[in-house]
Amino acid sequence: QDFSGSTDIEWIQNAVDWVNSAGGGLLIISSDYVKEQFLIASSVIHKSDVWIILDNVEIKLKDGVHDNLFRAAGVIVNEDDPFGLCSDLKVTSNIKLIGTGYSKVSGADVAYYSDIPAKTGARYWIGDEYGWRGTGLVYDGAQDFEIANFKLQNAKNWGTEFGYGAKNGYIHDIEIYQPNKNGDGIHFTYGASYMRVHNIFGYVVDDGLALVSSDDSLKYSTSNEPAD
């Protein structure tokens with residue numbers, strides 16, 4: 001199957017979309033057949049029933065881009081306010097993101113630079129005050145998933161986010177390097193449940209493992225409060 005595109009993110013996303021449309025299966029992104037580093041200008045949208053294998057490759061965000069590295073497809077961005085609250089959140093299920101060899105998922109070397117939301121002057125967007133799009137892996141609403149066996153580094157907010165109905169996850173064997181402000185490692189937020197975590201190691205400047213107390217009845221709502 002030809003997954004050609006004019007950019008790395010188009011190539012990867014075309015492949016993810018095709019596997020999903022075919023009913024699901026394995027997608028192997030391998031340095032043996034393509035190249036060792038993929039520079040992406042937007043998040044890889046991870047769709048249900050797609051098991052992504054990173055075979056000794058690096059997926060890296062381009063300089064000056066403020067976005068996640070991987071995001072569950074059910075997290076729907078509000079196109080009128082792309083850095084604000086999502087417009088909707090749906091379940092994404094039966095997904096895997098697994099590394100082999102020494103695979104890496106890396107934030108940009110140079111952060112996005114712009115006026116901050118308060119309009120008090122341009123600066124680099126580093127830290128959780130600049131919102132969820134700076135988090136490396138966003139799997140809110142994901143169910144029955146596994147994420148494992150790669151190095152996650154240099155996200156401009158938290159390393160990961162799992163919440164708002166996310167459940168039955170297994171996160172393991174991940175090396176984390178988070179040197180930036182609010183650089184959490186594994187972050188479970190409102191409504192995450194039934195998670196298993198094993199062998200997470202590395203360096204963070206904030207919480208290595210953050211657990212927000214809640215239960216799985218909490219769901220995402222655009223009012224930023226639990227829905228009834």
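Just so you know, these numbers use all the heavy atoms, side chains as well, and skip hydrogens, waters and symmetry mates. No experiment lies behind these values; they were computed from the predicted model shown.
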(Q) For Glu146 and Ile98: C-alpha separation, side-chain torsions, deciding distance, then whether side-chain contact (heavy atoms from CB on, under 4.5 Å) applies. (A) CA-CA 7 Å; Glu146 181 179 4; Ile98 308 292; 3.7 Å; yes
(Q) Val77 vs Arg133, test: side-chain contact (heavy atoms from CB on, under 4.5 Å). Steps then yes/no. (A) CA-CA 10 Å; Val77 173; Arg133 295 290 289 276; 3.5 Å; yes
Q.
Is there a side-chain hydrogen bond (donor to acceptor under 3.5 Å, both in side chains) between Thr135 and Asn157? Walk through the geometry before answering.
A. CA-CA 5 Å; Thr135 298; Asn157 187 9; 3.2 Å; yes
Q: May I have the step-by-step check of side-chain hydrogen bond (donor to acceptor under 3.5 Å, both in side chains) for Asn20 and Asp49, ending in yes or no?
A: CA-CA 6 Å; Asn20 171 262; Asp49 304 313; 5.2 Å; no
Q: Could you walk me through whether Tyr170 and His198 pass the side-chain contact (heavy atoms from CB on, under 4.5 Å) test, one step at a time?
A: CA-CA 8 Å; Tyr170 183 28; His198 172 72; 4.2 Å; yes
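Between the side chains of Thr189 and Glu161, no donor N or O sits under 3.5 Å from an acceptor N or O. Under the 3.5 Å distance criterion, with hydrogens and angles disregarded, no donor-acceptor pair is assigned to the side chains of Ser106 and Asn154. No side-chain donor from either of Asn68 and Ser43 sits under 3.5 Å from a side-chain acceptor of the other. Defined by atom type and a distance below 3.5 Å, a donor-acceptor pair is present between the side-chain atoms of Asp173 and Asn199.
When side chains are defined from C-beta on, Asp8 does not count as touching Gln37, because their heavy atoms never get closer than 4.5 Å. Residues Ile12 and Ile59 form a side-chain contact, since some pair of their non-hydrogen atoms from C-beta on lies under 4.5 Å apart. Residues Ile200 and Leu209 are not in side-chain contact: their nearest non-hydrogen atoms beyond the backbone lie 4.5 Å or more apart.
The line from CG of Asp184 to CG of Asp207 is 4.5 Å long, rounded to the nearest 0.5 Å. The distance from the OH atom of Tyr102 to the CG atom of Asn56 is 10.5 Å, given to the nearest 0.5 Å. Between Leu152 atom CG and Leu137 atom CG the span is 5.0 Å, to the nearest 0.5 Å. Note: Gln143 CD to Ser193 OG = 8.0 Å, rounded to the nearest 0.5 Å. The CG atom of Asn180 sits 11.0 Å away from the CD atom of Gln153 when rounded to the nearest 0.5 Å. A distance of 10.5 Å separates CZ of Arg196 from CG of Asn168, quoted to the nearest 0.5 Å.
At most 12 non-hydrogen atoms from other residues, nucleotides or ligands lie less than 6.0 angstrom from CD of Glu36. Surrounding CZ of Phe83 are more than 12 heavy atoms belonging to other residues, nucleotides or ligands, all under 6.0 Å away. Around atom NZ of Lys96, more than 12 heavy atoms belonging to other residues, nucleotides or ligands sit under 6.0 Å away. Other residues, nucleotides and ligands place no more than 12 heavy atoms under 6.0 Å from the OH atom of Tyr177.
Relative ring orientation between Trp125 and His66 is described as perpendicular, the plane-to-plane angle rising above 60° on a 0-90° scale split at 30° and 60°.
A side chain to side chain contact (heavy atoms under 4.5 Å, CB included) with Val44 holds for exactly one of Asp67, Leu69, Ile9; it is Ile9. Leu61 pairs with exactly one of Ile40, Asp109, Leu39 by the side chain to side chain contact (heavy atoms under 4.5 Å, CB included) rule, that one being Ile40.
When every heavy atom of Ala148 is checked against every heavy atom of Phe150, the shortest pair comes out as O-CD2, 3.1 Å. Residues Ile95 and His46 come closest through the heavy atom pair CB-NE2, 3.6 Å. Here the closest heavy-atom approach between residue Ala155 and residue Gln178 is recorded as N-OE1, 2.9 Å. The two residues Lys156 and Ala111 come nearest to each other via the heavy atoms CE-CB, 3.8 Å. The nearest pair of heavy atoms linking Gly141 to Leu89 is CA-CD2, 3.7 Å. Across all their heavy atoms, Thr100 and Ser103 have their closest contact at O-OG, 3.0 Å.
The aromatic ring centroids of Phe162 and Phe145 lie less than 6.0 Å from each other.
In terms of hydrophobic clustering, with Ile, Leu, Val, Met, Phe, Trp and Tyr side chains grouped at heavy-atom distances under 4.5 Å, Leu27 and Phe70 are assigned to a common cluster. Linking Ile, Leu, Val, Met, Phe, Trp and Tyr residues whenever their side-chain heavy atoms come within less than 4.5 Å places Val19 and Val16 in a single cluster. Criterion: ILVMFWY side-chain heavy atoms under 4.5 Å apart, direct or through other members. Under it, Val205 and Ile126 are not part of a common hydrophobic cluster. Note on Val197: it clusters hydrophobically with Ile174, by side-chain heavy-atom contacts below 4.5 Å among ILVMFWY residues. If you chain together hydrophobic residues whose side chains sit under 4.5 Å apart, Tyr130 and Trp158 never meet in one group.
Although no hydrogens or angles enter the test, the distance criterion places a donor-acceptor pair under 3.5 Å between the side chain of Asn182 and the main chain of Asp128. In this structure a side-chain-to-backbone donor-acceptor pair under 3.5 Å is present from Asp115 to Gly121. Of the possible donor and acceptor atoms, none in the side chain of Thr92 sits under 3.5 Å from a partner among the backbone N and O of Ser48. Remark: side-chain polar atoms of Asp140 are not paired, donor with acceptor, to backbone N or O of Tyr164 under 3.5 angstrom. Using modelled atom types, one side-chain atom of Thr160 and one backbone atom of Gly185 make a donor-acceptor pair closer than 3.5 Å. Judged purely by atom type and a 3.5 angstrom limit, Asn78 has no side-chain atom pairing as donor or acceptor with the backbone of Cys86.
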